[in-house]
Amino acid sequence: MSVPTLQTWDGPPITIGVIGGSGLYKLSSISPVAEISVTTPWGSPSSPITIAKTTAGNHVAFLARHGRNHAILPSNVPNLANMAALKHLGVKAVLAFSAVGSLREEIAPKDFVIPSQIIDRTKGVRRASFFGFGEEEGVVAHAGFGDPFCEVLRPIVHETVKETLKEHSPDVKVHEGKTVVCMEGPQFSTRAESLMYRAWGGDIINMSVLPEAKLAREAELAYVLIATATDYDAWRPSSAAVNVAEVMESLKANVEASNVVTTKLLDRIAQEVDSDDKPSIKGIKDSMKFSIMTRSDVIDDKAKQNLRFLHPWFARE
Ligand SMILES: CSC[C@H]1O[C@H](OP(=O)(O)O)[C@H](O)[C@@H]1O
Ligand SMILES: Nc1ncnc2[nH]cnc12
């Protein structure tokens with residue numbers, strides 16, 4: 001179905017953003033109503049943003065992390081533009097899908113995992129903050145990141161995914177409270193690294209939760225990762241180490257299950273973010289006001305203009 005391409009959105013509020021990972025290049029379970037090309041002070045997002053409407057009438061913004069043709073490496077994803085574009089559209093919560101390797105026997109390929117912690121193994125090649133670099137050099141902020149995912153939405157996402165999959169795919173387990181290791185890539189890990197991540201307490205591994213989750217926090221977006229396992233990485237002594245063919249084998253089933261999950265999940269989460277009084281929003285709204293260290297009178301005009309795209313209140317006091 002072809003939908004209009006718009007520059008701005010003046011329809012009903014869009015409170016939820018969905019980021020599709022490997023294999024999930026569109027949401028086929030809900031109806032698209034428009035496509036938006038947003039440009040941000042940090043460039044263009046990975047893909048045009050599709051606005052879609054759920055059966056209950058909630059509007060959602062979807063973008064494909066690696067582009068619709070999967071032409072963007074994990075290290076080159078324009079994470080700042082992705083988060084800034086979603087925030088600018090009015091999004092309050094982001095549900096991010098990701099294909100992950102499993103570091104634990106009990107997390108089988110095709111299982112879902114809603115993690116609670118992250119270990120950072122990216123190597124500093126990705127810009128990881130809206131502050132302190134580029135045109136924003138000279139503005140210092142330190143966001144809290146002890147709990148990297150939204151602690152209000154995370155259990156609700158877990159319960160809803162579990163309930164939905166119980167009916168649709170009873171063999172698929174849904175795990176929670178796990179730790180995701182984010183590595184640099186694009187090559188997969190060595191066996192030694194894979195074993196080391198297990199010893200560190202890692203449960204699953206991907207290449208894309210960072211800096212996405214950090215930037216979501218700085219943009220004051222409630223962020224939850226919905227990980228789907230595709231492989232056992234490289235730690236199992238008697239199995240071949242992960243390769244793309246193995247990942248692709250699980251991906252088709254995972255994408256189908258992800259589309260099933262979104263039908264209920266989006267309307268459930270919409271109820272949790274429909275007003276600023278809801279705990280998920282209260283917990284993060286205005287949090288960055290208390291994280292900025294730099295005096296506003298020394299911040300240059302260009303940095304102020306850019307950061308106001310993200311936070312209209314920035315440096316006005
Ligand atoms: C296709 S395997 C490696 C690739 O898959 C994951 O992508 P995404 O998180 O967008 O689903 C992983 O992070 C790597 O980028
Ligand atoms: N084993 C793995 N390592 C890193 N990213 C992945 N994405 C899917 N499987 C992965």
Side-chain angles (χ1 to χ4, degrees), residues 17-27 45-47 62-79 82-83 94-105 107-115 118-123 125-126 148-149 175 178-198 200 202-216 223-236 239-259 261-262:
V18 178
I19 298 182
S22 296
L24 193 65
Y25 308 117
K26 63 179 177 154
L27 284 182
S46 306
S47 73
F62 174 87
L63 68 82
R65 183 184 288 121
H66 305 281
R68 288 178 182 167
N69 301 315
H70 205 130
I72 307 173
L73 274 173
S75 310
N76 295 340
V77 170
N79 288 294
N82 288 352
M83 287 302 154
V94 172
L95 302 176
F97 284 85
S98 173
V100 301
S102 168
L103 299 170
R104 300 286 158 194
E105 195 64 50
I107 302 174
K110 301 193 179 59
D111 280 1
F112 276 60
V113 187
I114 318 300
I118 308 178
I119 294 175
D120 189 354
R121 280 279 296 167
T122 62
K123 296 182 176 165
V125 298
R126 311 173 184 194
F149 302 105
H175 309 262
K178 303 291 179 193
T179 296
V180 52
V181 176
C182 186
M183 59 171 293
E184 191 55 56
Q187 300 83 0
F188 292 113
S189 308
T190 63
R191 289 187 184 276
E193 286 164 339
S194 197
L195 288 166
M196 178 181 74
Y197 298 145
R198 276 166 56 83
W200 283 0
D203 299 302
I204 52 175
I205 180 161
N206 80 356
M207 303 178 192
S208 34
V209 69
L210 294 176
E212 198 171 85
K214 290 185 173 178
L215 295 166
Y223 177 94
V224 179
L225 191 77
I226 303 172
T228 55
T230 50
D231 54 83
Y232 275 114
D233 202 44
W235 58 272
R236 278 167 133 202
S239 308
V242 56
N243 57 48
V244 163
E246 188 189 0
V247 170
M248 296 304 274
E249 221 176 278
S250 306
L251 219 49
K252 193 167 171 287
N254 290 358
V255 167
E256 196 191 311
S258 300
N259 270 306
V261 156
T262 50

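First listed ligand is number 1; within each ligand, the first listed atom is number 1. Not measured: the values here are computed from a predicted model.
Summary of contacts: the protein heavy atom closest to atom 9 (N) of ligand 2 is D231 OD2, 2.7 Å. If you check which protein heavy atom lies closest to atom 1 (N) of ligand 2, you get D233 OD1, 2.7 Å. Scanning all protein heavy atoms for the shortest distance to atom 9 (O) of ligand 1 gives S208 OG, 2.3 Å. Among protein heavy atoms, atom 5 (N) of ligand 2 sits closest to N206 CA, 3.4 Å. For atom 7 (O) of ligand 1, the closest non-hydrogen atom of the protein is S22 OG, 3.0 Å. Here the protein heavy atom with the shortest distance to atom 6 (C) of ligand 2 is I205 O, 3.7 Å. Of the protein's heavy atoms, H66 NE2, 2.5 Å lies nearest to atom 10 (O) of ligand 1.
In terms of modelled atom types and a separation under 3.5 Å, the side chain of D233 and the main chain of W235 share no donor-acceptor contact. Looking only at distances, a side-chain donor or acceptor of N254 sits under 3.5 Å from a matching main-chain atom of A229. The main-chain N or O of A71 is never found under 3.5 Å from a side-chain atom of H66 such that the two would form a donor-acceptor pair. Of the possible polar contacts, none joining the S47 side chain to the R68 backbone as a donor-acceptor pair under 3.5 Å is found. A side-chain donor-acceptor contact under 3.5 Å links R126 to the backbone of L210.
Residues S102 and D111 fail the side-chain proximity criterion, which asks for heavy atoms closer than 4.5 Å.
Between Y25 and H70, the angle of the ring planes goes over 60°, which puts this pair in the perpendicular group of the 30/60° scheme.
Evaluated by nearest non-hydrogen atom to atom 10 (C) of ligand 2, the leading choice among G101, S102, G185, A99 is G101.
Counting atoms of ligand 2 from 1 in the listed order, those under 4.0 Å from a heavy atom of V242 are 1 (N). Ligand-side atoms of ligand 1 in range of N206: 13 (O), range being under 4.0 angstrom from any heavy atom. Ligand-side atoms of ligand 1 in range of A99: 5 (O), 6 (C), 8 (P), 9 (O), 11 (O), 12 (C), range being under 4.0 angstrom from any heavy atom. Each of the following atoms of ligand 1 lies closer than 4.0 Å to a heavy atom of R65: 8 (P), 9 (O), 10 (O), 11 (O). Using a 4.0 Å cut-off to heavy atoms of M183, the atoms of ligand 2 that qualify are 4 (C). Counting atoms of ligand 1 from 1 in the listed order, those under 4.0 Å from a heavy atom of P74 are 15 (O).
The side chain to side chain donor-acceptor pair (under 3.5 Å) test applied to S258 returns no partner, not counting sequence neighbours. For A253, the side-chain contact (heavy atoms from CB on, under 4.5 Å) partners are K110, not counting sequence neighbours.
Each of R198, R104, K178 was checked for a side-chain hydrogen bond (donor to acceptor under 3.5 Å, both in side chains) with D203, and the lone residue meeting it is R104.
With a 4.0 Å cut-off on non-hydrogen atoms, S98 touches ligand 1 through its backbone as well as its side chain. Only the side chain of T230 comes within contact range of ligand 2, with a heavy atom under 4.0 Å; no backbone atom does.
Defined by atom type and a distance below 3.5 Å, a donor-acceptor pair is missing between the side-chain atoms of Y232 and E246.
Inclusion of M207 in the set of residues having an N or O under 3.5 Å from an N or O of ligand 1 is warranted.
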